[in-house]
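Worksheet: the structure to be examined is printed underneath.
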Amino acid sequence: MSGEAMARPGQQLKAVLRLRELLLSGEFGPGERVAEIPLAARLSVSRTPLRLALLTLAHEGLLEMLPGGGFVVRDFDPADIADAIELRGVLEGTAARMAAERLTDPADLAPLRAAVEAMEPLVRTPEPGLADFERYVAANEIFHARLLDLAGSPMLRRAMAQAMVLPFASPNSFVLTQADLPESREILLLAQAQHRAILEAIEAREGTRAEALAREHARLAKQNLKLALGDAALLASVPGAALIRRDPVDGGRKIAS
């Protein structure tokens with residue numbers, strides 16, 4: 001095997017990570033065609049791993065493959081983002097139900113409980129600042145990861161990974177937008193109440209209730225999306241904001257409540 005071939009997997013990963021970063025930061029505009037040769041030079045990778053990276057990001061949905069070859073940058077209708085959030089809610093609801101139904105040892109809830117307790121003082125802060133929100137984001141990420149662990153389903157884990165390849169669909173997508181929102185305290189308090197209720201439902205083996213709570217919890221992201229779309233400065237704090245279509249074409253779907 002040649003040195004170039006051996007280096008290719010590492011080059012491909014480098015290309016995927018760097019190109020994703022460029023797309024989400026707005027370096028390429030929606031509808032812009034991605035030219036392989038200058039991009040390969042910019043990323044310092046050869047064209048073979050770059051093509052594989054382009055295919056990966058097309059599979060994730062950030063790029064669109066053209067019928068005649070090549071790739072263009074996609075844009076996203078706010079209603080499509082809302083659908084992605086809704087899908088995450090369905091999957092996390094399933095995870096919560098499975099966690100409740102499959103729980104055998106209450107001690108297994110310790111990581112989930114620790115995440116909830118870590119968020120508690122942050123949401124009780126009278127005027128949370130950016131540092132508080134950043135700590136909340138870290139604890140919130142742990143909560144959602146441990147919830148998926150408790151479900152104990154490799155199939156569900158794969159489905160969730162596919163659903164969250166777009167940055168807008170993750171549990172923390174719009175959390176940092178709250179740092180500048182007057183409604184931030186109320187939203188944080190509601191989210192934390194839902195975290196605790198999900199934990200209690202799983203502990204009580206109430207699968208149906210845990211599922212409903214987790215699905216409702218995901219809907220908070222849709223509220224934050226609506227608020228962010230009304231403020232350009234807030235929207236700019238969302239990863240991939242440059243790819244969000246703020247003025248949908250006629251006939252575009254509205255975000256469901």
Side-chain angles (χ1 to χ4, degrees), residues 13 16-17 20-21 24 56 60-61 81 84-123 128 131-179 187-207 209-222 224-225 238-240:
L13 178 59
V16 167
L17 295 176
R20 187 188 291 122
E21 179 184 342
L24 297 181
T56 297
E60 290 184 0
I81 300 172
I85 294 170
E86 189 74 24
L87 177 57
R88 173 172 64 82
V90 170
L91 293 173
E92 287 200 320
T94 302
R97 176 175 54 78
M98 286 181 172
E101 294 172 350
R102 298 176 179 182
L103 183 68
T104 56
D105 185 352
D108 291 340
L109 291 173
L112 201 66
R113 194 183 308 281
V116 171
E117 296 307 324
M119 286 184 276
E120 190 65 24
L122 303 177
V123 304
D132 297 306
F133 278 95
E134 289 174 342
R135 289 194 293 272
Y136 177 91
V137 163
N140 189 46
E141 184 173 339
I142 292 172
F143 177 90
H144 288 272
R146 297 294 80 79
L147 178 61
L148 193 57
D149 289 342
L150 285 168
S153 171
M155 292 293 291
L156 181 60
R157 185 178 296 280
R158 283 194 290 272
M160 182 67 80
Q162 180 59 40
M164 294 209 304
V165 291
L166 296 180
F168 324 113
S170 76
N172 281 324
S173 294
F174 299 95
V175 170
L176 287 178
T177 63
Q178 298 175 42
I187 295 173
L188 281 180
L189 286 170
L190 177 55
Q192 178 65 353
Q194 291 173 338
H195 287 142
R196 195 170 291 281
I198 291 167
L199 172 61
E200 291 171 353
I202 294 172
E203 188 172 27
R205 274 74 164 186
E206 297 173 345
R209 179 168 175 259
E211 180 174 16
L213 285 165
R215 292 186 66 163
E216 188 63 29
H217 181 62
R219 287 177 170 266
L220 281 181
K222 293 170 72 173
N224 288 332
L225 170 61
V238 178

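Glu141 CD: 12 or fewer foreign heavy atoms inside a 6.0 Å radius.
Between Ala218 and Ile85, the closest heavy-atom pair is O-CG2, 3.3 Å. Contact detail for Leu91 and Ala159: the closest heavy-atom pair is CD1-O, 3.7 Å. Annotation for Phe143 and Leu112: closest pair O-CD1, 3.3 Å, computed over non-hydrogen atoms.
For the pair Arg158 and Pro154, the minimum side-chain heavy-atom distance is below 4.5 Å. Residues Glu92 and Met160 meet the side-chain proximity criterion, which asks for heavy atoms closer than 4.5 Å. Between Ile202 and Leu147 there is a side-chain heavy-atom pair separated by less than 4.5 Å. Residues Glu86 and Arg219 are in side-chain contact: their nearest non-hydrogen atoms beyond the backbone lie under 4.5 Å apart. When side chains are defined from C-beta on, Ser170 does not count as touching Arg88, because their heavy atoms never get closer than 4.5 Å. Side-chain contact between Lys222 and Ile81: absent, with no pair of heavy atoms (C-beta onward) separated by less than 4.5 Å. The shortest side-chain heavy-atom distance between Gln192 and Val116 falls under the 4.5 Å cut-off.
Between the side chain of Gln194 and the main chain of Ala214, no donor-acceptor pair closer than 3.5 Å is present. Of the possible donor and acceptor atoms, one in the side chain of Arg102 sits under 3.5 Å from a partner among the backbone N and O of Ala151. Under a 3.5 Å cut-off, the side chain of Arg146 and the backbone N or O of His144 do not form any donor-acceptor pair.
Ionic pairing of Glu117 and Arg113 is not present here: no N-O contact between side-chain nitrogen and carboxylate oxygen is shorter than 4.0 angstrom.
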